[in-house]
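See structure below.
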Number of protein chains: 2
Amino acid sequence: MSEAVRLVEVGARDGLQNEARTLAPSVRAELIGRLVEAGLRHIEAGAFVSPRWVPQMAGTDEVLARLPKRPDLTYSVLVPNERGMSAALAAGADEVAVFTAASETFNRRNINCSIAESLARFEPVLAQAREHGVPVRGYVSCVLGCPYDGAVPVAQVVRTASALARLGCHEISLGDTIGAGVPSAVKTLLAACVTDIPVQRLAVHFHDTRGMAVANCLTALEQGVRVFDSSVSGLGGCPYSPGATGNVASEELVYLFEGLGLDTGVDLDRLVAAGGFVDQHLGRVTQSRVARARRADNTTKNPEER
Amino acid sequence: MSEAVRLVEVGARDGLQNEARTLAPSVRAELIGRLVEAGLRHIEAGAFVSPRWVPQMAGTDEVLARLPKRPDLTYSVLVPNERGMSAALAAGADEVAVFTAASETFNRRNINCSIAESLARFEPVLAQAREHGVPVRGYVSCVLGCPYDGAVPVAQVVRTASALARLGCHEISLGDTIGAGVPSAVKTLLAACVTDIPVQRLAVHFHDTRGMAVANCLTALEQGVRVFDSSVSGLGGCPYSPGATGNVASEELVYLFEGLGLDTGVDLDRLVAAGGFVDQHLGRVTQSRVARARRADNTTKNPEER
């Protein structure tokens, strides 16, 4: 048996919340169902945030209610505070995620508080989760750059990630929110993080804004990371660079990892089809090059050659 | 001083010959002039092939005649045979390139001869080049897969590349024509090639058909390769997967290498502008994510923040 990597599919949350068109809960549930059919097991299903601020995530409870439940599936939802946490518990989420940034300016402008304040806000959320036996994932954004400050000191990322780990997050996802990082920076960052946090508890979350995401994932893999956030069809854009590319496409990571002989558990054709489904609903063109190549191959080759 | 890598800009040849619209020689010369302004020093300027087969390359002699000549610039042209070689010499090309494939089926269907026959055809071309003191670059295509045969044995790639080196090609560019390769395959391939050819004589030529090109370049870099073919704005498609992505974008490689602390000599803003120029003439959207992000940044940020 080959070694396995775990993909955390974030298309239905991080992806969709950065797309202009809002999809009905039934469509989002159908997308997630197709992702499950494709073999994904860890899926971010939505967020319990104010629909006034993030209309794309309205009805996350309905999405969860419509999903197939199985012991091998983990549906994660983002919660900003205790109120969101209560909603997530009521809706039966398997995991919740909290988020902060390694940049003070970003936090200030994005969630209107300092890093320390955001961590303090999570304490009761984590307590609630512990009480109900729900695991919590922690996101740290801006780990390789901030849209306002530019460079972000590595020590600040480590401090923030470690604080989330100490608060009880079982997994810390390090996010290059603006897709500015290159492999050498990824290596430096991870080397610093693993001095404080076991690599088994780290995930990486790359955006492909500058086409570096696949190379950055490769470097993270070489540094021992085995959990990768990605988004079917490359759903999502970059709110800080309108028109730029968003999350790394799940299709690319499946192609990469399977090519390297690692087991993702994902059926690439079904994944491409799930991406086609959501793209059609959004009226968008796929950002996945694997998806494009696969469709071209299926169009040009006769059935016997497929 | 930081270590340098050399980009071989192939957009004006490999790129343009795979775009539907044909550009006038004056426009191609203007593009190349802008690439020179951006800092590129090794540029594929065209091909002396039949305009009946490749109308996009018609008037390559006019392109060369219009270009700024400087001792630090190398304009390379593709030649399929002695006739093309004579035309290249008459036009004053600084370098010529010959091409074959590591796949028998591909050669048979693409240039209608076996690998051995294609190499035999190059002998008089190489002799002519030697006589005139013109260096010859050798392309081997299908090094990580063939659109007809699928897998291509590594030994066959090594044999073909070595034969070109023995014939007198100063540099061998290994091309993943269908963009099927992953980093582990690149590593295996290069490890095999360097047993026969010094790594200083190897270049890599990746297509981004499945989004692996930047990661593959990173791996080649780690294996000691310092010469990389790329195409401004990701010009060119994949004739074997219509609608799929073509050559890796030069912008991505400049961003990667400069980010890694390597010197490319290229000004990224000027490169992005050169890509915008040719995209406008082709009526196409850039395939470079760096270019997209850079334009978005320049649109959203006020001048002081740029």
Side-chain angles (χ1 to χ4, degrees), chain A residues 144 147-148 150 178-185 187 207-219 221-222 234 237-246 248-249 251-253 255-262 268 285 287-301 305, chain B residues 144 147-148 150 178-185 187 207-219 221-222 234 237-246 248-249 251-253 255-262 268 285 287-301 305:
Chain A
L144 293 170
Y148 311 112
I178 58 169
V182 294
S184 50
K187 204 168 165 178
H207 281 227
D208 204 29
T209 323
R210 287 162 188 86
M212 300 294 119
V214 172
N216 287 343
C217 286
L218 176 70
T219 299
L221 179 80
E222 289 166 351
C238 179
Y240 311 100
S241 292
T245 322
V248 65
E251 293 88 331
E252 264 73 334
L253 292 195
Y255 189 86
L256 171 72
F257 292 137
E258 296 283 339
L260 297 177
L262 297 165
L268 192 47
V285 171
Q287 291 298 320
S288 162
R289 294 174 177 202
V290 166
R292 269 197 260 167
R294 218 148 178 104
R295 286 195 195 115
D297 287 350
N298 286 340
T299 311
T300 51
K301 287 185 186 150
E305 282 184 292
Chain B
L144 293 170
Y148 311 112
I178 58 170
V182 294
S184 51
K187 204 168 166 178
H207 281 228
D208 205 29
T209 322
R210 288 162 187 85
M212 300 295 120
V214 172
N216 287 341
C217 286
L218 176 69
T219 299
L221 179 79
E222 288 167 350
C238 179
Y240 309 100
S241 293
T245 321
V248 65
E251 293 88 332
E252 264 74 333
L253 292 195
Y255 189 86
L256 171 73
F257 292 137
E258 296 283 339
L260 297 176
L262 297 164
L268 192 47
V285 171
Q287 291 297 320
S288 163
R289 293 175 178 202
V290 167
R292 268 198 261 168
R294 219 149 177 103
R295 286 195 194 114
D297 287 349
N298 286 339
T299 311
T300 50
K301 287 186 186 148
E305 281 185 291

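Order of the sequence lines fixes the chain letters, A, B, ..., with proteins taken first and strands second; residue numbering starts at 1 for each chain. Fair warning: this is a prediction, and the values are worked out from it, not measured in the lab.
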Validation row: Gln287(B), Arg289(A) side chains within 4.5 angstrom (heavy atoms): yes
Against chain A, label Asp208(B) side chain, backbone, both or neither, depending on which of its atoms sit under 4.5 Å from a heavy atom there. both
Sort out for me which of Gly259(A), Ala213(A), Gly181(A) touches chain B most, counting heavy-atom pairs under 4.5 Å. Gly259(A)
Pair Asp297(A) + Arg210(B): basic N to acidic O under 4.0 Å: yes
Give me the atom names and distance for the closest heavy-atom approach of Gly211(B) to Val214(A). O-CG2, 3.7 Å
Please rank Ser288(B), Cys217(B), Pro183(B) by heavy-atom pairs under 4.5 Å with chain A and give me the top one. Pro183(B)
Please state whether the side chain, the backbone, both or neither of Ala249(A) comes within less than 4.5 Å of a heavy atom of chain B. neither
Could you tell me which portion of Leu256(A) (side chain, backbone, both or neither) has an atom closer than 4.5 angstrom to a non-hydrogen atom of chain B? both
Checked Val290(A), Val248(A), Thr219(A) vs chain B; the most non-hydrogen pairs under 4.5 Å come from Val290(A)
Contact origin within Leu218(B) toward chain A - heavy atom pairs under 4.5 Å: side chain
Part of Ala180(B) within contact of chain A (heavy atom distance under 4.5 Å): both
